[in-house]
K.L.:
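Okay, here's the structure, questions in a sec.
Note that the structure is predicted; figures quoted are calculated from it, not measured.
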Amino acid sequence: VSLRFATLVLVVIGLTAFYFLAREERLDDTQAGLISLVLLGSPMVVLFSFTFQTDIPFLMCLIIALAFYARAIRMRSHGLMCLASIAAAAAILTRQFGLAIPAGVFCVWLFGKEHAKQAPFFLLGLLLPAVAGVWQLSMGFVAPTKFQELELYQTSQYFADIGKMLLNTVFRPAIILEYLALFSLPLVFLAALSVGWEIMGKGQASGAQKPVSVKLLLLGMLSAYVVAGILYGRFINNQPWLMPFIIWDFEVIRDLNDSARVAVTAITSVGAVLYGYIFVLRYCNNLDFKSLLRQVSLLDWVTAFLLLEQLLFRKFGDRYLLVFLPYVCITVGQYLGLWLNRTRVVAGTACLVMLCASGLWSRGLFEKEESVWKGAQSLLSSGVAPAEIYGSHVWNCYHGMVDDYLTSLGASKMQSTQGFWNQWVPNRRKTARYMIVDSSVAPSGGSWKIVDDVPYRGMTLRKERMLVLER
């Protein structure tokens, strides 16, 4: 409970910091407030805010560090720079991806003015994150756990196939853009209105000084790139044609009918094209490369390094893309500019609708998981051993499935998780005396009997049932 409460407190601090970061990025109070609502209502922000997994703590430490660094650099405040360094170190100690923060700060110093004179000031902000980074990396190499050893081995194997790795690097941004659109749907619809208005020549968004023919060509190229990314994922990585394209939390979309999945994919694909358009225009209006390097903000630099890390990292899952939300919200917010002010009531309502939908989705997932634990607890209270119960993946892991597997390996190193997923888990399910499963997927036949029935309400608040079965 204390860990969950600490995460919620950190979310409140992080959202407040995000508002001030947006103000540092020259958004007015209305615009900053609306994009803060977008961040708050994003589905996985809501979901992970009520857990103690590292996704939200890392995201919030990242935002807090960016806010403190941006203000410290503008005001030349040594106190704020110290606070920023503490937040950056916390982000790095939470996840190694946090190394993007000091890398971005270093680039701001390197390409800024009077960097020799400013060196001591920036060193103050980089020292603590550097120490945290060295410690974090050294622990992975000097005293790795079995899973760290596995990750190092699989990463080496991933880089050994250099051709496939480079192709993944080329096409991953297309899928990243799809998911960023899904994370921030209210901005997608506003961007569609703004870009359409701009193409028709009835207005021009911030920083979009290009001929209409160039803009249309850019939109066409980005559309082809997004489609190519989907095709590459399908034929090379065996990903589906329709959302969800990558693993983990949004795999619930697979349960939708084909028409709904087509609609979701169409919306996110349009959003991917629009976001790509906005991002390209952000940097292509200034053709002087040296001037561009001086003008890009800390947020741009840190996001660039986060993107580099994500492109090179072996794993590619939806929750890892949360770190790009601050950049997306602020950059798209800057592009929309006065559109956010003019449509503030509609935009605010859309954000609240997304927040409610995200809340219902998260509540449904939590209540479903809670019903598993209630069913399992009744068995444990009657003296049944945890090894005799097969529940949800979270319950199984908490009650020793992974620990038992690692114990069975002894001193040998893991080189794959296939033994766990393809042999250990199915065998545990096959030999379990009790199984806890949703009534919609309960096994049929006479080999199981129902010993308990735990009701719960899903995302749509419809009453559903979790069955406790005995072999």
K.L.:
Determine, for E251 against R254, whether the closest basic-nitrogen to carboxylate-oxygen distance falls under 4.0 angstrom.
P.N.:
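Between R254 and E251 there is a salt bridge, with a charged N closer than 4.0 Å to a carboxylate O.
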K.L.:
Hey, would you say the F111 and W301 ring centroids sit under 6.0 Å apart?
P.N.:
yes
K.L.:
Regarding R457 and E367, does a basic nitrogen lie under 4.0 Å from an acidic carboxylate oxygen?
P.N.:
no
K.L.:
Examine distances only and state if a side-chain atom of R261 and a backbone atom of L242 form a donor-acceptor pair shorter than 3.5 Å.
P.N.:
yes
K.L.:
For Y225, does the OH atom have more than 12 heavy-atom neighbours from other residues, nucleotides or ligands under 6.0 Å away?
P.N.:
yes
K.L.:
Where the side chain of S412 meets the backbone of L409, is there a donor-acceptor pair that is under 3.5 Å apart?
P.N.:
yes
K.L.:
Should the pair D28-R23 be classified as a salt bridge under the 4.0 Å nitrogen-to-oxygen rule?
P.N.:
no
K.L.:
State the OG-CG distance between S42 and L325, to the nearest 0.5 angstrom.
P.N.:
4.5 Å
K.L.:
For the residue pair R282 and Y335, would you count it as a cation-pi contact if the rule is NZ or CZ under 6.0 angstrom from the ring centre and within 45 degrees of the ring axis?
P.N.:
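Geometry flag: not set, cation outside 6.0 Å or 45°.
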K.L.:
Do V195 and L219 touch side chain to side chain, with heavy atoms closer than 4.5 Å?
P.N.:
yes
K.L.:
F305 versus C107: any side-chain heavy-atom pair under 4.5 Å?
P.N.:
yes
K.L.:
Going by atom types only, do Q157 and R314 share a side-chain donor-acceptor pair under 3.5 Å?
P.N.:
no
K.L.:
Can M414 and L406 be said to form a side chain to side chain contact (heavy atoms under 4.5 Å, CB included), step by step?
P.N.:
CA-CA 9 Å; M414 280 197 299; L406 293 178; 4.1 Å; yes
K.L.:
Could you tell me whether the side chain of N396 and the main chain of M401 form a donor-acceptor pair under 3.5 Å?
P.N.:
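Between the backbone of M401 and the side chain of N396 there is no qualifying donor-acceptor contact (under 3.5 Å).
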K.L.:
What residues, two or more places apart in sequence or in another chain, satisfy ring-ring contact (aromatic ring centres under 6.0 Å, His included) together with F171?
P.N.:
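Partners of F171 under the ring-ring contact (aromatic ring centres under 6.0 Å, His included) test: Y232.
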K.L.:
Does R172 reach the main-chain N or O of T169 with its side chain, forming a donor-acceptor pair under 3.5 Å?
P.N.:
no
K.L.:
Would you call E370 and Y456 a side-chain contact if the rule is heavy atoms closer than 4.5 Å?
P.N.:
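Heavy-atom side-chain distance check fails, nothing below 4.5 Å.
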K.L.:
Check for a donor-acceptor pair, side chain of Q31 on one end and backbone N or O of G337 on the other, with a separation under 3.5 Å.
P.N.:
yes
K.L.:
Could you check whether any side-chain heavy atom of T343 comes within less than 4.5 Å of a side-chain heavy atom of L336, counting everything from C-beta outward?
P.N.:
no
K.L.:
Between F316 and N237, is the side chain to side chain contact (heavy atoms under 4.5 Å, CB included) condition met? List the steps.
P.N.:
CA-CA 11 Å; F316 191 37; N237 291 332; over 6 Å; no
K.L.:
Taking atom CZ of F121 as the centre, report whether more than 12 heavy atoms of other residues, nucleotides or ligands fall under 6.0 Å from it.
P.N.:
yes
K.L.:
What I'd like to find out is whether the side chain of F97 reaches to under 4.5 Å of the side chain of F313, using heavy atoms alone.
P.N.:
yes
K.L.:
Go through the steps for Y275 and T331 under the test side chain to side chain donor-acceptor pair (under 3.5 Å), then give the verdict.
P.N.:
CA-CA 9 Å; Y275 283 4; T331 301; over 6 Å; no
K.L.:
Please walk me through it: do S156 and L152 pass side chain to side chain contact (heavy atoms under 4.5 Å, CB included)?
P.N.:
CA-CA 6 Å; S156 67; L152 289 171; over 6 Å; no
K.L.:
With heavy-atom distances below 4.5 Å as the criterion, would you say the side chains of F58 and V323 are in contact?
P.N.:
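They are in side-chain contact.
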K.L.:
Do other residues, nucleotides or ligands put more than 12 heavy atoms under 6.0 Å from the CZ atom of F52?
P.N.:
no
K.L.:
I need the minimum non-hydrogen distance between A90 and C61, along with the two atoms involved.
P.N.:
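So the minimum-distance heavy-atom pair works out to CB-SG, 4.0 Å.
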K.L.:
Could you tell me whether the side chains of E198 and Y277 share a donor-acceptor contact shorter than 3.5 Å?
P.N.:
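There is such a pair between these side chains.
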K.L.:
What are the two closest heavy atoms between L311 and P173, and how far apart are they?
P.N.:
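Shortest heavy-atom contact: CD2-CD, 3.7 Å.
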K.L.:
Could you tell me the separation between the CE atom of M165 and the OG1 atom of T155, rounded to the nearest 0.5 Å?
P.N.:
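Result: 11.0 Å between the selected atoms.
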K.L.:
Without swapping roles, check the side chain of Y153 against the backbone of Q148 for a donor-acceptor pair under 3.5 Å.
P.N.:
no
K.L.:
Measure across I175 and G229 and return the closest heavy-atom pair with its distance rounded to 0.1 Å.
P.N.:
CD1-O, 4.1 Å
K.L.:
Please check if the side chain of Q334 supplies one atom and the backbone of E25 the other of a donor-acceptor pair under 3.5 Å.
P.N.:
yes
K.L.:
When you check the side-chain N and O atoms of T54 and R95, is any donor under 3.5 Å from an acceptor?
P.N.:
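Short answer, yes.
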K.L.:
Under 6.0 Å between the ring centres of F279 and Y327?
P.N.:
yes
K.L.:
Before we go on, tell me: are the rings of W361 and F250 under 6.0 Å apart, centre to centre?
P.N.:
yes
K.L.:
Rounded to the nearest 0.5 Å, how far does CG of L322 lie from CD1 of I56?
P.N.:
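So the CD1 of I56 and the CG of L322 are separated by 5.5 Å.
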K.L.:
Dump the intermediate steps for side chain to side chain contact (heavy atoms under 4.5 Å, CB included) on D404 and R428, then the final yes or no.
P.N.:
CA-CA 11 Å; D404 292 344; R428 178 65 68 92; 3.0 Å; yes
K.L.:
State, without any angle test, whether D300 and Y283 hold a side-chain donor-acceptor pair at a distance under 3.5 Å.
P.N.:
yes
K.L.:
Is it true that atom CZ of R26 has more than 12 heavy atoms of other residues, nucleotides or ligands lying nearer than 6.0 Å?
P.N.:
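Open.
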K.L.:
Taking all non-hydrogen atoms of both residues into account, name the closest pair between A272 and E178 and its distance.
P.N.:
CB-N, 3.7 Å
K.L.:
How long is the span from the OG1 atom in T7 to the CD atom in Q53, to the nearest 0.5 Å?
P.N.:
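One finds 10.0 Å between OG1 of T7 and CD of Q53.
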K.L.:
Do P386 and L380 have side-chain heavy atoms sitting under 4.5 Å apart?
P.N.:
yes
K.L.:
If only atom types and distance count, is the side chain of Y69 paired as donor or acceptor with the main-chain N or O of I64 below 3.5 Å?
P.N.:
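A pair under 3.5 Å: no.
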K.L.:
Just by modelled atom types, is the W135 backbone N or O under 3.5 Å from a matching donor or acceptor in the S138 side chain?
P.N.:
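At least one qualifying donor-acceptor pair exists.
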K.L.:
Can you establish whether the number of heavy atoms outside K146 located under 6.0 Å from its atom NZ is more than 12?
P.N.:
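Yes, enclosed.
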K.L.:
Tell me the closest heavy-atom pair linking L182 and V264, and the distance in Å.
P.N.:
CD1-CG1, 4.4 Å
K.L.:
Is there a side-chain contact between T265 and F245, using heavy atoms and a 4.5 Å cut-off?
P.N.:
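Counting from C-beta outward, T265 and F245 do come under 4.5 Å.
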K.L.:
Out of the candidates V302, V296, T303, only one should pair with L299 under the side-chain contact (heavy atoms from CB on, under 4.5 Å) rule; please name it.
P.N.:
T303
K.L.:
If you round to the nearest 0.5 Å, how far is CG of L340 from CG of L187?
P.N.:
7.0 Å
K.L.:
Does D318 reach the main-chain N or O of D249 with its side chain, forming a donor-acceptor pair under 3.5 Å?
P.N.:
yes
K.L.:
Kindly give the heavy-atom pair with the smallest separation between C329 and I35, and that separation in Å.
P.N.:
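Heavy atoms only, the tightest pair is O-CG2, 3.5 Å.
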K.L.:
Fit a plane to each ring of W395 and W373, take the angle between them on a 0 to 90° scale, and name the class: parallel (under 30°), tilted (30 to 60°) or perpendicular (over 60°).
P.N.:
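Aromatic pair W395/W373 classed perpendicular.
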K.L.:
Just verifying a value: how many Å separate L8 CG and M60 CE, rounded to the nearest 0.5 Å?
P.N.:
10.5 Å
